[in-house]
Number of protein chains: 2
Amino acid sequence: MAADGERAEGVVDFQTEPSRYRHWKLAVDGEVATLSLDVDENGGLFPGYALKLNSYDLGVDIELADAVQRLRFEHPAVKVVVMRSAKDRVFCAGANIRMLAGASHGHKVNFCKFTNETRNAIEDASAFADQKFICVITGTAAGGGYELALAADHIMLVDDGSSSVALPEVPLLAVLPGTGGLTRVTDKRKVRRDHADVFCTIEEGIKGRRAVEWGLVDEILPRSRVEEKIAARVDDFRARSPRPEGLKGIALTPLRREIGPDRLRYSAVAVEIDRATRVTTLTVHGPDAPPPAGVDGLVAEGAESWMLRAARELDDAILHLRLNERETAVIQLKTLGDPALAAAHDRFIDENQDHWLAREIRHLWKRVLKRLDLTSRTLVAVIEPGSCFSGTLAELAFAADRSYMLVGRFEGDNRPAATLTLSAANFGPCPMVNGLTRLETRFLGTPEAVEAAKAAVGRALEAEEAEALGLVTFALDDIDWEDEIRVFLEERASFSPDALTGMEANLRFGGPETMESKIFARLTAWQNWIFQRPNAVGPEGALRRYGTGQKAAFDMGRV
Amino acid sequence: MAADGERAEGVVDFQTEPSRYRHWKLAVDGEVATLSLDVDENGGLFPGYALKLNSYDLGVDIELADAVQRLRFEHPAVKVVVMRSAKDRVFCAGANIRMLAGASHGHKVNFCKFTNETRNAIEDASAFADQKFICVITGTAAGGGYELALAADHIMLVDDGSSSVALPEVPLLAVLPGTGGLTRVTDKRKVRRDHADVFCTIEEGIKGRRAVEWGLVDEILPRSRVEEKIAARVDDFRARSPRPEGLKGIALTPLRREIGPDRLRYSAVAVEIDRATRVTTLTVHGPDAPPPAGVDGLVAEGAESWMLRAARELDDAILHLRLNERETAVIQLKTLGDPALAAAHDRFIDENQDHWLAREIRHLWKRVLKRLDLTSRTLVAVIEPGSCFSGTLAELAFAADRSYMLVGRFEGDNRPAATLTLSAANFGPCPMVNGLTRLETRFLGTPEAVEAAKAAVGRALEAEEAEALGLVTFALDDIDWEDEIRVFLEERASFSPDALTGMEANLRFGGPETMESKIFARLTAWQNWIFQRPNAVGPEGALRRYGTGQKAAFDMGRV
């Protein structure tokens, strides 16, 4: 698979924990956590590049994503997170350029997607858990370094004559800041577009007062009073925090996971990879016991509670497929279990939304489902007897590009007919990146269909009723079932993967756009385009020539 | 410039008139116009392909754009436009595949941009001039053919067992429907996303009742009553039309234009192309006489009236530069003339918005300015003594990526200092594709700055005041002027054109997205990406292999 000049990429594992971090340090002190970036330059995920100047690769970001997640589950008492560099003269030089220069197109695209999701997770923590991020910049925050800062609620820049923020990608590398930078500059920080134009074309970036005047940072710190000012700002955020006091976390214990050559097996998720058909089946197993009696029970179960376990495992499975199984054309989404039990867990989480852990579990599902929406594989939900598409799990069907539901039973199968059950989880708490629920997006033109679905909450809907309500694409009886699905899967696997990626990226996100959806659509799509262009990645392109002492040679035609 | 397998492309001329049409027929009968597509298969813009089955290339679309424009200015009495095919068994097979297969990347991207603008012009006529479009589909409307129909207000599909609508690009060609199809399916017609998924993967498309049920068309026409049903629907639209009766049009006379090797000269627009620096200077000349005394005078002046003339010429100049001058890196926007006279014309148009022609002139400026926003060249406004950036012309400065304004005078120049004058034109009638005015977009984070600008309407603002109001990027005195601008132009011309295109496409459109902006951002960006991918355009890609009898060979990795 490795094209000319591209490095062979090994399997990427998204699981880590603080004791194994090589690049970040997470220190928690009561209500304040400090996340220090101290990249081990020899700790790159692949050979062939050194992570100098706190530059990062996917491995560095996996640790950050892990830390942000642990802050919410393991350290719920934390109200303020200070992000800073543990190195003296640099905050972060951004994505490592040699890593990018040698990476396959697919790796670059997936790398950017994941780092974007991590930045969004920081903003999600701020918006929904009131864990506010303060970013302190000493030294240079360039490219992805500044984009990391942009995810924070508050950016402090040391005013020492050399600390600066910069997005030097265009002048230096002939690519875009690919981790939301351009969108956050215009849409989050609302920097005037002409100032943004100037900023994004100055290699050395902007420092001091002008960075504040243009809205690139929130304040500058006089060199002599850096720590004092940070402490005051932290106190400020703590004092204003609506977050409850004294919450005790739960441990996010290691996933139970076995990786085989053609399968992944977790406690509640199973993945079967069929390399011949290029169809992967991802099955979420429903709970086999009722939910705990109350929130104390939920806390006692901790990471073992079914809803949390299933979400974490599903998240890991999606990431694994994205990065390590690029030849998968279609992910068949299935569930297996007792729909009533799955519904009971869903209801339990819903009824306890005043408890921090139940809330966090919901938000985690929201993020995992967004990750699914943004996965560039055809998604099809297959709803058969024995399945449990209830509430949150029904979102899997609504995330799918299409769904097939069996009418009645298979011959010789005694299990009851498949059902789909809606719950409160389908009507608000799990919006897509476009800000709408999956049902609202589905029924953009017929909002009354959302109301009709709402009226069916709690009822186990059989195939024909689900089809009549517009909740599934096809309700088929067992005579057509196998053939229809086989033909669909074969056909889908025969199409150009690129065209499918583009088509799905458009059809999945109808209606409004948000900053988040703009990052994944407008910005990412342009970056993907540029990541193909010879001016960036050709042998004489800027990414390849960076650091060689030779200038890039550009085809100067504008398209 | 032609890469492997690409055809050399000649100069494209965007000017035409009905008597010269080879592909469309425009027939006007009182309040109803009929636009019939009857593509001359030997009338392609470039050699090497035949426009079979009413397929189109840029030349066909230039005629359509011309017709839509003439309907507004020359035939203002028209309330309903019927779009149909003059060929028996096909409505339109979409963009010609051999044309696409042989076109350069830049031509493909510009072709799609222009056809999108033409579809938007149809929707603009419906929204702002109440000229409603009814599309009658007999035979196949495939790909761009269906996308053309999607621009209409009402789609009628003949129910004859073979007429169908289809978006077969993904299964057939490994590209996307590139003229807004995916976005209009989800956002305009609000087709359910899973139905859209099915529809966009069925080569042969959908016909009859299902096309109505899924919302792909508005009605089906029984074969025996086609003309009768069309006539009834036309009457329907006419009866509901709020458009005033009996308006008489003006002639859009041929542009006065001279094209030299390094310049274009119109009556009110001049373009100077400096091939060494790759900087093109586009100057709009202000009026040299006051506006007419009243609307009768405006009608009498017709296409000679300065506001209309300047808009048409500017539009042609932008299109010429986009297609024919691809090595231009920067367009310097200048104006020359008496600011008070320009302001008077602007005010005249504004005060006569109850007259159809004044309204049409405003809407034309709106469309031309949108075209400028979407032009992939760096835009810089240079505001010097002698210029007339007043009202509508000030929008040129706000469309620019940045602007430079001289403080005071040049040594030895007796003309008064440069000024910038705002008018009502800057606060509503000329929104960008994101639905906001350029000033609202500029001041996304500081809406109070829009109010401050509004308070300055009508005042000739000198450089320092304009800068204080945030209306220009840099106010410089004559000591710095030449060097600053020269360094900027040199630097900009040295950057990768691709990276600049991506950066500008992001920074120009902060804030909300609309269907229109989604088409140019999300959809177009994905298409541009796919237009680079070997699965589409490589020697074994689907676009190249189409019609050869050989199947495309795909790299099946998903990115």
Side-chain angles (χ1 to χ4, degrees), chain A residues 1 105-106 109 170-171 174-176 182-183 186-187 190 192-194 196-198 200 215 278 326-327 376-377 401-403 442 444-445 470 473 495-503 505-508 510-511 513 518 521-523 525-530 532-533 535 542 554 556-559, chain B residues 1 105-106 109 170-171 174-176 182-183 186-187 190 192-194 196-198 200 215 278 326-327 376-377 401-403 442 444-445 470 473 495-503 505-508 510-511 513 518 521-523 525-530 532-533 535 542 554 556-559:
Chain A
M1 281 295 304
H105 182 62
V109 169
V170 170
V175 299
L176 300 185
L182 298 181
T183 310
T186 56
D187 283 44
K190 300 187 169 67
R192 227 172 71 195
R193 54 171 283 203
D194 55 343
D197 182 88
V198 174
C200 297
R278 300 180 40 246
R326 297 217 202 124
E327 301 255 332
S376 67
R377 302 290 187 283
D401 297 300
R402 57 171 82 175
S403 52
R442 187 176 186 83
L444 264 184
T473 317
F495 293 158
S496 159
D498 307 324
L500 285 176
T501 294
M503 184 188 89
N506 279 280
L507 296 183
R508 287 178 188 172
E513 300 260 355
K518 282 178 79 168
R522 180 181 278 271
L523 180 55
W526 280 109
Q527 180 75 303
N528 288 359
W529 174 71
I530 292 167
Q532 288 280 295
R533 302 281 294 161
N535 285 341
F554 295 138
M556 285 303 185
R558 277 269 198 158
V559 297
Chain B
M1 280 295 303
H105 183 62
V109 169
V170 169
V175 299
L176 300 185
L182 300 181
T183 309
T186 56
D187 283 45
K190 300 186 169 70
R192 229 173 67 197
R193 55 171 281 202
D194 55 344
D197 182 88
V198 175
C200 296
R278 300 180 40 246
R326 299 218 202 123
E327 301 255 334
S376 66
R377 302 290 187 285
D401 298 299
R402 59 171 81 175
S403 52
R442 186 176 187 84
L444 267 182
T473 317
F495 294 158
S496 158
D498 308 324
L500 285 176
T501 293
M503 181 188 91
N506 279 280
L507 296 183
R508 287 179 188 172
E513 299 262 354
K518 282 178 80 168
R522 180 181 278 273
L523 180 55
W526 281 109
Q527 180 76 303
N528 288 359
W529 174 71
I530 291 167
Q532 287 280 294
R533 301 281 295 160
N535 285 340
F554 293 139
M556 285 303 186
R558 277 269 200 158
V559 297

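Values reported hereafter were calculated over all heavy atoms of this structure, with side chains retained and with hydrogens, waters and symmetry mates removed. Just so you know, these numbers come straight off a predicted model, no measurement behind them. In what follows, chains carry the letters A, B, and so on, assigned in the order in which the sequence lines appear, proteins first and then strands, with residues in each chain numbered from 1.
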Are the side chains of Val559(B) and Asn528(A) in touch, meaning some heavy atoms are under 4.5 Å apart?
no

Given side chains that start at C-beta, do those of Trp526(A) and Thr501(B) come closer than 4.5 Å, heavy atoms only?
yes

Between Asp197(B) and Arg508(A) (salt bridge meaning N to carboxylate O under 4.0 Å), is one present in this structure?
no

Given Arg522(A), which partner from the list Glu513(B), Lys518(B), Arg522(B) fulfils the side chain to side chain contact (heavy atoms under 4.5 Å, CB included) test?
Glu513(B)

Output the option from [options] having the highest count of non-hydrogen pairs under 4.5 Å with chain B.
options	result
Thr183(A), Leu444(A), Val109(A)	Leu444(A)
Ala521(A), Ala174(A), Cys200(A), Ser376(A)	Ser376(A)
Leu523(A), Val170(A), Asp498(A), Val175(A)	Asp498(A)

Among the options Gly502(B), Ala196(B), Gly106(B), Gly215(B), pick out the one with the most heavy-atom pairs lying under 4.5 Å from chain A.
Gly502(B)

Counting N and O atoms only, with roles assigned by atom type, does the side chain of Asp194(B) sit under 3.5 Å from a partner on the main chain of Asp401(A), one being a donor and the other an acceptor?
no

Answer yes or no: is there a donor N or O on one side and an acceptor on the other, between the side chain of Thr186(A) and the main chain of Leu507(B), under 3.5 Å?
no

Output the distance between atom [atom1] ([X]) and atom [atom2] ([Y]), rounded to the nearest 0.5 Å.
X	Y	atom1	atom2	value
Met556(A)	Phe495(B)	CE	CZ	10.0 Å
Asn506(B)	Arg193(A)	CG	CZ	12.0 Å
Met503(B)	Ile530(A)	CE	CD1	10.0 Å
Arg192(B)	Thr473(A)	CZ	OG1	6.0 Å

Of all heavy-atom pairs between [X] and [Y], which one has the smallest distance, and what is that distance?
X	Y	value
Asn535(A)	Pro497(B)	ND2-CD, 3.6 Å
Val198(A)	Arg402(B)	CA-NH2, 3.4 Å
Ala499(A)	Leu176(B)	O-CD2, 3.5 Å
Glu327(A)	Gly557(B)	OE2-N, 3.9 Å

Of the backbone (N, CA, C, O) and the side chain (C-beta and beyond), which part of Ala505(B) lies under 4.5 Å from a heavy atom of chain A, both, or neither?
both

